[in-house]
Amino acid sequence: MPKVFNTTAVCIPEEHYMVDISGRLEEIKSLVDAGKYFTINRARQYGKTTTLRALYRYLQKEYYVVLLDFQTFDNDKFENGNVFSAAFINSFLRSLKRNTLSPELEDAIKNILHSTDYTDKYFSLKELFEQLSDLCAAAEKKIVLMIDEVDSASNNQVFLDFLAQLRAQYIERDIQPTFRAVILAGVYDVKNLRRKIRPDEVHKYNSPWNIAADFKVDMSFSREEIAGMLDEYEKDYHTGMDVELLAGLIREYTSGYPFLVSRICQLLDEEISVKKEYGGKKSTWTKKGFLEAVRILLSEKNMLFESLREKLESYPELNSMLYSLLFTGKAIVYNYYETSINIATMFGFVKNENGVLAVSNRIFETWLYNLYLSSAEMQKNTIDGKTIIEAIV
């Protein structure tokens, strides 16, 4: 079965064309080696899950690695500390046993399973973390805990209490065994969980994750990384494409946003190449084919654009700020601590371009223009006495 470009779920190296992220994994491993607790918070479809899966394999030579996904925990699991603790230890042990364990650690797991009644209402977060500490003590290799989709649970007090326990163990790591590193991945920055807590529940928010190290690894795809992926495709299909030209165009329009990169390639490979006017892959991988892929992308309904649209509806201040950025022509100083800019950055709409706010990439910019100009309400709005369309013509 030949490889394909993938834009749904996790990318698998044996099945999908992918950029080489080994350099990125080495950067992340340096944080793990240093014993850091940190979050990987990036916008939807930015390769977080794919990166975690690759990191899971990358770290296993030196560490025991536990990878959990909070999206697989139903809401009932977060109702109270007892239910959560029982569900967590069960999932934790299942994941831990996927590693090749030492006899000592196998025995420690058996002792825990034998001695603990998870249905006991007194088995809660305190008991959970005592057992996790015992496992860390029995392991001859350090344990790394990774949790994906962590913000799917963040609107719950139990989750915040869980973070507080992680923080307490981190602070006391010199006197009690604990994880070598903890990695939480999601869209929302865990330091800003109040964004997900309803106004009447603001009292739930504290600062349980102020131990987190800054995560500065660039997860966008560079021109060279895109070219490497196209080279692999070219070896399979011999289209005669100008790899450097196509890689440059894709990077220019997407700024390396992983979903956009893969979707453009997917459209070229699967949709445009079968069109009559192109007549096959060799005529597709050109600038003309690329621009056709961009046109299709901007007009289609896909999971990323659906998510962006939902965020615009959910955060009026975000919508107003982007509207102003696009249509007033006024430069906006980039200040992460301004609420709307913080939200826009977190969801991937904007970036800091030499201290000035800018839309993240040309695809998003065009998509936003199309969205606003097609809205009847927006067409009625005015700039200096003119309608929007009159103002930009």
Side-chain angles (χ1 to χ4, degrees), residues 7-8 41-48 71 149 151-152 154-155 186-199 202 219-220 253-264 294-353 356-383 386-392:
T7 55
T8 58
N41 65 287
R42 293 293 185 273
R44 289 289 177 207
Q45 304 298 309
Y46 217 96
K48 298 182 295 297
Q71 209 166 35
E149 299 291 350
D151 47 1
S152 64
S154 60
N155 201 18
V187 173
Y188 288 79
D189 185 346
V190 181
K191 296 177 184 177
N192 291 326
L193 288 178
R194 61 180 176 271
R195 299 275 183 240
K196 290 205 72 182
I197 298 175
R198 297 191 299 272
V202 171
M219 291 178 63
S220 66
Y253 275 69
T254 66
S255 296
Y257 197 113
F259 173 86
L260 299 177
V261 171
S262 295
R263 184 57 181 156
I264 286 173
V294 170
R295 185 193 66 77
I296 294 173
L297 173 62
L298 287 169
S299 62
E300 73 177 2
K301 178 180 179 181
N302 62 54
M303 62 190 80
L304 176 58
F305 292 161
E306 286 284 298
S307 176
L308 296 180
R309 178 61 176 164
E310 184 271 325
K311 297 300 185 296
L312 292 174
E313 293 175 350
S314 299
Y315 296 88
E317 66 272 38
L318 167 66
N319 196 33
S320 297
M321 185 271 290
L322 289 171
Y323 168 77
S324 177
L325 177 65
L326 289 173
F327 292 109
T328 66
K330 297 176 182 177
I332 300 176
V333 175
Y334 186 93
N335 182 352
Y336 184 80
Y337 294 100
E338 198 284 319
T339 301
S340 61
I341 294 177
N342 179 298
I343 295 171
T345 303
M346 186 166 60
F347 294 143
F349 284 100
V350 299
K351 60 184 176 182
N352 182 352
E353 195 168 81
V356 177
L357 194 68
V359 178
S360 292
N361 55 69
R362 287 181 65 175
I363 298 293
F364 281 8
E365 184 175 34
T366 305
W367 181 81
L368 285 167
Y369 271 124
N370 291 346
L371 180 69
Y372 286 134
L373 291 175
S374 63
S375 166
E377 182 178 347
M378 288 296 181
Q379 290 184 42
K380 293 176 184 177
N381 290 340
T382 62
I383 301 173
K386 298 180 180 179
T387 66
I388 294 175
I389 295 179
E390 291 171 336
I392 65 175

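Note that CD1 of Ile341 is 6.0 Å distant from CG of Asn335, once rounded to the nearest 0.5 Å. The CG atom of Asn302 lies 12.0 Å from the OG1 atom of Thr8; values are rounded to the nearest 0.5 Å. Distance check: Glu317 CD to Glu338 CD gives 8.5 Å after rounding to the nearest 0.5 Å. Remark: Trp367 CH2 to Leu297 CG distance equals 11.0 Å, nearest 0.5 Å. Considering CG of Asn319 and CG of Leu312, their distance stands at 5.0 Å, rounded to 0.5 Å. Separation of atoms CG (Leu368) and OH (Tyr323) is listed at 13.5 Å; rounding is to 0.5 Å.
Contact check for Gln45 versus Arg263: no side-chain heavy atoms found under the 4.5 Å cut-off. Between Leu260 and Phe364, the closest side-chain pair of non-hydrogen atoms falls below 4.5 Å. In this structure, the side chains of Tyr334 and Val356 stay at 4.5 Å or more apart for every pair of heavy atoms.
Among pairs with a residue in residues 342-351, those fulfilling salt bridge (charged side-chain N to carboxylate O under 4.0 Å, His left out) read Lys351-Glu353, at least two apart in sequence or across chains. Note on residues 357-368: pairs passing salt bridge (charged side-chain N to carboxylate O under 4.0 Å, His left out), not counting sequence neighbours, are Glu252-Arg362.
Lys311 and Phe347 get closest at one heavy-atom pair: CE-CE2, 3.4 Å. Tyr372 approaches Leu322 most closely through the heavy-atom pair OH-CB, 3.7 Å.
Between the side chain of Ser360 and the main chain of Val350, a donor-acceptor pair closer than 3.5 Å is present.
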